Structures are given as C-alpha cells and as structure tokens.
Amino acid sequence: MADPATMDKLVSLCKRRGFVYQSSEIYGGLASAWDYGPLGVELKNRIREFWWREMTQLHDNIVGLDASIMMHPKVWEASGHVENFSDPLVDCKSCRHRFREDQIPEENRNSRTCPDCGGELTEARQFNLMFRTNIGPVADEGSVVYLRPETAQGIYVNFKNVYQSSRVKVPFGIAQIGKAFRNEITTKNFIFRTCEFEQMEMQYFIHPSEDEKWFDYWLEQRRGFYDKLGVRPSKIRLHEHGPNELAHYAKKAFDLEYEFPFGWSELEGVHNRTDYDLSRHIEFSGKDLQYLDDQTRERYVPWVIETSAGLTRTVLAVLSDAYDEDVVDGEPRVVMRFHPKLAPITAGIFPLVKKDGLADLAREIERELREDFTTFYDQGGAIGRRYRRQDEAGTPYGITIDYQTKEDNTVTLRYRDSMEQVRVKRDMLAGTIRKSMKDYKREDR
Ligand code: GAP
C-alpha cells in the first residue's frame with residue numbers, strides 16, 4: 001500500500017499541531033531554520049534520551065561528553081575541515097539560481113546547463129561549509145573561530161582527558177549529543193538538511209587490528225537501534241560509500257538510509273576513521289595522544305569507529321514514519337503512529353461530560369498518571385473529536401471517565417492504533433499502559 005505521507009502534509013501537520021514552525025515566521029521566516037514547538041520538543045527530547053540510554057547505559061564502556069561548540073581554530077586545521085570541508089558550487093548565469101554541482105542531474109552537469117531554466121552554468125567554485133565568526137571585539141584573522149560542523153572533534157581533543165579521568169580501557173566509546181552548524185547550499189525538504197542541526201555521535205576507540213570486527217558490530221547495532229525506535233524495518237536500508245563518496249577521514253563508510261517521502265536518503269553514517277583524527281591532533285598540537293595498554297605494554301594510537309546520527313533528521317524520519325491516514329465512521333482520520341515511548345503525550349484524559357463531578361474525577365485520575373506519564377487533560381467538545389485531536393498528536397492512549405467510573409472505579413482505555421476500547425480498573429491503569437508500551441509493535445506494511 002502506498003505510504004500516505006507527503007512532505008506537504010507533514011509540514012502542514014507539524015505547524016498545525018505544534019511540532020515544528022518556520023523560524024522567525026512573523027518576519028517572513030529564515031531559510032532552512034526551524035523551531036520545535038510544544039509537541040516537537042517533547043518528541044526530540046524523547047529521541048535524544050532514547051539514543052543516550054541505548055549508547056551509554058546499555059553498552060559497556062561508553063561514557064558521555066558535552067564539549068563546547070566553539071573550539072580552538074587549530075582543531076579544524078588538524079581535522080582537515082578548513083582544507084577539505086567544502087561543496088562545489090555553480091550558479092546559473094541567466095536565472096541566478098545556485099546549486100551544488102554534485103546534486104544536479106548528470107545531463108546538466110555534462111552540458112553545463114541550468115536544471116531550472118536551461119541557462120549556462122558557471123564553473124564550480126569550492127565553498128567551505130563552516131560558519132566563521134570572531135571572538136572578542138576585534139574582527140581580524142587572529143580572532144577567527146568556527147561553529148563546529150560536527151560534534152566528533154570535541155571527543156578527539158578530549159580523548160586523553162577522558163581516558164585518564166574515567167579509567168576506561170580500549171575498546172571504549174565516548175558519546176555526545178549537540179548542535180552542529182553547516183552553511184549548506186541546498187536547503188530544501190523541511191528539517192532534513194538545515195544550517196543548524198543536532199548530531200548524536202559516538203566515537204569508539206579500538207586496537208587497529210580489530211577495525212573490521214568493530215565496524216561490523218556497530219553497523220549491526222545501529223541498524224537495530226531504528227527497530228527499537230519503532231521505525232518500520234522496510235523503510236531502512238544500507239548504502240556503502242564508493243571511493244568517490246568517502247569523506248577525507250574515512251577508510252570505509254556505510255550510510256543507514258531512510259525512505260523519506262522524497263526518496264531514500266542518509267539518516268546516519270557509520271565510519272571507519274582509522275587513526276586519522278588522533279594522529280592529526282598529535283601532529284598539530286604536539287601532544288602525545290597515544291594509548292598505553294597496561295597489560296601488553298603496547299603504546300599506540302587507537303583507531304576509531306564512528307556512529308554519527310542526526311537528531312533533527314531522525315525527528316523527520318520518525319514523523320514521516322508515523323504519519324498515517326485511515327477512515328473512521330466514514331470520516332478521514334490522520335493518525336501519528338509513534339512508538340508509545342516516543343509519543344509527546346502518552347495519555348489523553350477525557351471526562352465524558354463536565355458535570356456531575358466527572359471533570360473533578362478525571363482531573364484526579366490525571367494527577368495520578370502524571371507521576372509516570374506525560375498526560376493531557378481535555379474536556380472540550382464531543383468525545384470523538386477529542387480522540388481525533390489526540391490521534392493527530394500521536395497520543396497512544398485515551399482514557400475516558402464516565403458515569404460508570406463513579407460506580408465501579410473503572411475507566412475506558414482506548415488504543416490509538418486499533419481504536420479498541422477496554423474497561424480497566426483505575427488502580428490497574430498505570431500498569432496496563434506500562435505493559436502496552438513495552439509490548440508495542442507497529443504493523444509494517
Ligand atoms: N562526524 C561525521 C559526520 O558529521 P556526516 O555524514 O557529515 O558525518 C552525520 O553527518 C549525520 O549528521 C548525517 O547522517 C545526518 O543525519 C546529520 N546531518 C549532517 N548534515 C546535516 C544537516 N545539514 N542537517 C541535518 N542533519 C545533518
């Protein structure tokens with residue numbers, strides 16, 4: 001069955017329901033910058049927390065870090081970003097549109113014609129993607145700093161600090177989540193590619209003789225992560241980088257791709273970065289960043305297997321994956337089928353009517369559930385409409401308090417996906433929801 005999600009529908013739902021808004025909209029917006037609204041920030045936080053728990057708590061020997069966004073400018077010389085981190089840029093001499101040369105159709109590349117108007121294209125110029133700014137009151141070459149284009153370098157420059165202060169032994173990993181910035185030329189497809197975004201990266205330091213083994217291990221782990229996140233497995237595939245695609249630091253790389261409404265595109269990269277980064281930092285800083293194995297007494301520069309995921313891009317994948325439409329009682333329904341552990345609101349609480357003490361009782365039940373779940377109380381409008389509003393927000397459980405509740409202390413629990421309704425004792429409600437969240441399985445069609 002064709003996937004009902006399109007980018008237009010997603011962008012409009014995100015604005016309507018408060019997931020994502022255009023940045024500075026009242027001033028006409030800022031291209032490629034987006035703000036996360038009340039539901040969007042909850043969703044992003046849940047994905048972030050899930051990744052963090054998976055990568056740190058649930059793995060042996062992975063510790064966390066939160067490095068600064070602005071770093072010593074030498075970091076980016078050593079990393080190769082000053083020299084190599086650029087895109088080839090071409091302009092149309094007629095319509096003035098600007099493209100990344102590697103992203104225009106091959107026939108336009110060969111004929112040097114504009115994909116939009118057929119005009120003549122300029123020769124390609126290399127355009128460095130790093131944002132430059134200055135620290136201090138004088139804006140000269142001596143005060144230049146860059147906004148980091150990846151979080152990884154904060155990990156490499158702290159490699160020695162971490163291993164000396166945390167008693168970790170190779171193989172071990174350092175995980176970090178944070179903002180990264182790239183002056184991207186192509187800025188379409190909503191939050192897919194933006195100038196300011198968030199990455200969830202982990203650098204795993206290994207003995208060089210074990211690179212194949214750990215590469216395969218991490219590729220498998222990261223593939224499994226998206227299953228756990230509730231993303232349909234049929235929507236994820238692997239793509240190995242050919243020699244022309246490999247980044248300047250990589251010996252081997254795979255992308256995990258997701259089938260977005262606009263096609264298959266990269267969601268995460270798993271890279272064998274060899275000893276490239278640590279060796280370059282040894283060369284540029286003059287510091288010894290070797291690791292001493294206290295068992296074998298071998299001294300060496302560890303190699304790195306990196307897993308690098310985009311948090312904001314994962315939000316888009318989760319939104320695209322969740323979007324669904326069906327028909328209920330002859331009326332179309334939009335439903336966001338988030339995994340319950342990611343849903344911004346876990347349970348909607350609805351008194352059937354406001355009068356006869358039902359609203360007070362519903363408030364009381366909401367306060368009980370709030371201890372364990374994110375809840376939303378709604379007493380406005382027909383019950384069907386209230387359900388539908390929560391379906392669109394992706395709330396997996398609806399709880400209705402009615403006259404029977406007053407008599408026997410039971411409530412109606414409604415499941416978002418199947419719309420099945422069951423009667424549950426009030427004191428069993430939290431446990432029933434917790435179990436359903438744990439057992440949840442999305443239908444992959
Ligand atoms: N440290 C390695 C690194 O940064 P990358 O393939 O350039 O590798 C990793 O980026 C991930 O970061 C991508 O798979 C994507 O999810 C995310 N990402 C990169 N550029 C992005 C952008 N402009 N907007 C949103 N996400 C981006």
Side-chain angles (χ1 to χ4, degrees), residues 20 23 31-34 36 44 47-48 51 55 65 67 69 71 75-76 78-81 84-87 100 102-103 127-131 146-157 173-204 218-219 222-223 225-226 229 231 236-241 245-258 260 262 264-274 276-278 280 304-320:
V20 182
S23 160
S32 124
W34 301 92
Y36 290 79
K44 183 143 72 86
I47 296 172
R48 180 194 281 117
W51 184 93
M55 295 301 276
L65 184 78
I69 287 172
M71 303 169 74
V75 168
W76 306 109
S79 69
H81 283 82
N84 297 313
F85 198 54
S86 50
D87 281 339
R100 252 173 72 174
D102 55 342
Q103 287 186 345
F127 174 78
N128 195 292
L129 295 181
M130 283 196 294
F131 279 100
Y146 300 97
L147 302 188
R148 65 181 177 200
E150 60 170 11
T151 59
Q153 297 302 324
I155 295 181
Y156 303 132
V157 299
I174 305 179
Q176 173 166 222
I177 301 177
K179 292 234 171 181
F181 301 82
R182 296 182 190 177
N183 201 352
E184 299 278 7
I185 297 158
T186 307
T187 51
K188 55 180 183 178
N189 289 333
F190 198 28
I191 54 173
F192 176 78
R193 190 184 303 284
T194 47
C195 291
E196 175 181 344
F197 57 100
E198 282 175 76
Q199 289 188 313
M200 307 184 285
E201 296 198 306
M202 193 278 301
Q203 315 296 319
Y204 203 66
W218 279 110
L219 193 56
R222 296 306 305 154
R223 177 75 187 71
F225 171 84
Y226 293 98
L229 205 60
V231 172
I236 299 272
R237 74 176 187 194
L238 296 178
H239 163 75
E240 181 168 14
H241 282 206
E245 291 172 280
L246 285 173
H248 61 274
Y249 48 71
K251 175 184 159 192
K252 182 175 177 182
F254 269 79
D255 289 340
L256 286 139
E257 295 185 334
Y258 178 78
F260 291 95
F262 49 84
W264 289 96
S265 285
E266 176 185 345
L267 185 55
E268 162 159 4
V270 177
H271 311 128
N272 179 348
R273 292 181 75 134
T274 69
Y276 176 84
D277 299 274
L278 286 183
R280 293 275 293 191
V304 168
I305 305 298
E306 168 186 70
T307 72
S308 177
L311 170 56
T312 40
R313 200 172 281 185
T314 307
V315 172
L316 182 60
V318 166
L319 285 166
S320 315

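In each ligand, atom 1 is the first atom listed, and ligand 1 is the first ligand listed. Note that the structure is predicted; figures quoted are calculated from it, not measured. Position 1 is the first residue of the sequence; numbering continues from there.
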Looking at K179, is its backbone amide N or carbonyl O close enough to the side chain of R148 to form a donor-acceptor pair, meaning the two atoms are under 3.5 Å apart?
yes

A side-chain contact here means heavy atoms from C-beta on lying under 4.5 Å apart; do S308 and Q199 qualify?
yes

So which heavy atom in the protein is nearest atom 12 (O) of ligand 1, and how far is it from that ligand atom?
Q199 NE2, 3.2 Å

Hey, does the side chain of R182 reach the backbone of P149 with a donor-acceptor pair shorter than 3.5 angstrom?
yes

Atom indices of ligand 1 within 4.0 angstrom of H271 heavy atoms, with elements
2 (C), 8 (O)

Compute the shortest N/O to N/O distance between E150 and ligand 1 and return yes if it is under 3.5 Å, no if not.
yes

For atom 17 (C) of ligand 1, what is the nearest protein heavy atom, given as residue, atom name and distance?
G310 CA, 3.7 Å

Nearest neighbour in protein (non-hydrogen) for atom 7 (O) of ligand 1
R182 NH1, 2.8 Å

Using a 4.0 Å cutoff against the non-hydrogen atoms of E201, which atoms of ligand 1 qualify?
1 (N), 2 (C), 3 (C), 4 (O)

What residue and atom, counting heavy atoms only, is the protein's closest point to atom 11 (C) of ligand 1, and at what distance?
S308 O, 3.7 Å

What protein heavy atom lies closest to atom 13 (C) of ligand 1? Include the residue and the distance to one decimal.
E266 OE2, 3.2 Å

Could you tell me which atoms of ligand 1, counted from 1 in the order shown, lie closer than 4.0 angstrom to a heavy atom of Y249?
2 (C), 3 (C), 8 (O)

Closest non-hydrogen protein atom to atom 16 (O) of ligand 1, residue and atom name please, with distance?
L267 O, 2.8 Å

Where the side chain of D255 meets the backbone of E257, is there a donor-acceptor pair that is under 3.5 Å apart?
no

Tell me if a side-chain donor or acceptor on E268 pairs with a main-chain N or O of R222 at a distance below 3.5 Å.
no

Sequence neighbours excluded, the answer for ring-ring contact (aromatic ring centres under 6.0 Å, His included) partners of Y258 is F260

Name the closest protein heavy atom to atom 18 (N) of ligand 1, giving the residue it belongs to and the distance to 0.1 Å.
F197 CE1, 3.5 Å

Please check this pair: side chain of E201 against backbone of A152, looking for a donor-acceptor N/O pair closer than 3.5 Å.
yes

Atoms of ligand 1 under 4.0 Å from any heavy atom of E306, numbered from 1 in the order shown, are 1 (N), 2 (C)

Spacing of H239 atom NE2 and L256 atom CG [to the nearest 0.5 Å]
11.5 Å

Is any side-chain heavy atom of R313 closer than 4.5 Å to a side-chain heavy atom of F192?
yes

F85: partners by ring-ring contact (aromatic ring centres under 6.0 Å, His included), with sequence neighbours left out:
H81

Numbering the atoms of ligand 1 from 1, which are under 4.0 Å from a heavy atom of F192?
24 (N), 25 (C), 26 (N)

Under 3.5 Å between any N/O of T194 and any N/O of ligand 1: does that happen in this structure?
yes

Counting from 1, what ligand 1 atoms have a heavy atom of E268 closer than 4.0 Å?
14 (O)

Interfacing atoms of ligand 1 (cut-off 4.0 Å, heavy-atom, R273)
1 (N), 2 (C)

